[in-house]
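A short worksheet on the structure shown next.
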Amino acid sequence: MLLNVTKRRQLVLVLAVLGVVVLVLVARRLNATKIGGQGPAEPFRIAGNFYYVGATDAAAFLITGPEGHVVLDGGYPTTARLVMASIAKLGFDIKDVKVLLNSEPHADHGGGLAALQQASGAELWASEASADVLASGGDDPDGVLPLRALIWIGVLGYPPAHVDHRFKDGDTIRVGPTALTAHITGGHTRGCTSWSFPVRDGDRVLNVVSACDLGVLATSTYPEQAADRERSIRVLRGLPADIWVTCHARWWGRYRKFVASTTAKNPVEPFIDPEGYRAFLDAAEAELREGRTH
Ligand SMILES: [Zn+2]
């Protein structure tokens, strides 16, 4: 009898936690939709061989080169077709994409990678920790149990991607003359990866940083998380950034900068934003100090 009461309490607790997680996820999804997270967006050149090919908020980037292209992030599973349409609209062939990269393996950035991989035949590179999550279709061991349970039963999660190569912090991934350096900036997830690479605009070389998400979700925690976030902010502060982007396009002002670029004398100019980069890092640091999640 006592056991039954305990079991019933446990069941009620599990259901309550599950309910809260579902509510949080639905609210996030609705919020993302409201902001237009998954809506189609016009693809455009940011600078040189660096293009935006993502949705309204779930970002994806194309870095082109004579020996093959790189795509960074795949958005949600349903974003992949938008990414492919954007690549075609810019005049490039998905079959020329040779390398796929990822910022972090949550469904809004890793979800579309399997479809992109299938269409392109490209090889996927990921950090050790991200690789396991991408290959499992989104099951992050650092996720809270109710969230993982929803992935196990197929309510959440995404088509698993095949990870061809695992890189270490500081490794450079090359496709011909294109070279992107991986910075493992954990916190949001263990293997969260920021990328730095140069692009050419006329006779100048601009430093690009794609910063990984620096905030944390209540649904994903691990013991070294706070220390990782401290280190990640420090690492990112040390990277020179003329142009900066993140996996959520609203954070770096995709639309505002795109609109400004259509009338600018040099369309690259509105994307040059080292002050915005510093403000992004300051905000992330404040969020960390105040113990906020996002
Ligand atoms: Zn995430």
Side-chain angles (χ1 to χ4, degrees), residues 21-38 54-61 72-80 83 100-114 124 126-148 150-151 155-161 163 182-195 209-222 224-226 228-229 232-233 236 244-252 254 280-281 283-284 287-288 292-294:
V21 169
V22 168
L23 281 176
V24 166
L25 290 169
V26 168
R28 281 177 60 81
R29 177 84 170 217
L30 285 175
N31 194 35
T33 309
K34 195 173 72 197
I35 299 165
Q38 297 189 73
T56 38
D57 186 53
F61 303 94
L72 168 57
D73 278 340
Y76 291 94
T78 48
T79 317
V83 174
L100 292 172
L101 302 175
N102 173 240
S103 56
E104 53 101 346
H106 286 153
D108 44 353
H109 314 295
L113 288 173
L124 173 61
S127 67
E128 200 69 49
S130 292
D132 293 336
V133 184
L134 291 169
S136 71
D139 183 22
D140 189 339
D142 298 323
V144 295
L145 195 60
L147 181 68
R148 297 189 69 191
L150 289 174
I151 292 168
V155 174
L156 293 174
Y158 52 78
V163 180
H183 308 273
I184 298 176
T185 44
H188 182 75
T189 63
R190 240 178 237 271
C192 215
T193 310
S194 298
W195 296 93
V209 173
S210 167
C212 202
D213 192 340
L214 291 167
V216 288
L217 304 174
T219 47
S220 178
T221 55
Y222 62 94
E224 307 86 358
Q225 194 170 34
D228 275 1
R229 289 171 78 195
S232 297
I233 292 169
L236 288 170
W244 70 286
V245 295
T246 54
C247 53
H248 287 282
R250 65 181 189 273
W251 293 341
W252 54 271
R254 171 194 67 86
F280 170 73
L281 296 178
E287 201 170 277
L288 170 63
R292 283 184 281 128
T293 55
H294 79 210

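Both ligands and their constituent atoms are indexed starting at 1 by order of listing.
- Between L113 and L100 the shortest heavy-atom distance is O-CD1, 3.9 Å.
- Seen from the Zn ion (ligand 1), atom OE2 of E104 and atom ND1 of H106 lie 120° apart in angle, a value rounded to 10°.
- Looking at E128 and R190, no side-chain N of the basic residue comes within less than 4.0 Å of a carboxylate O on the acidic one, giving no salt bridge.
- Taking backbone and side chain together, H109 holds no N, O or S atom under 2.8 Å from the Zn ion (ligand 1).
- Using a 4.5 Å heavy-atom cutoff, the side chains of L217 and H188 are in contact.
- Aromatic ring centroids of W252 and F280 lie 6.0 Å or more apart.
- Within H188, NE2 is the N, O or S atom that lies nearest to the Zn ion (ligand 1).
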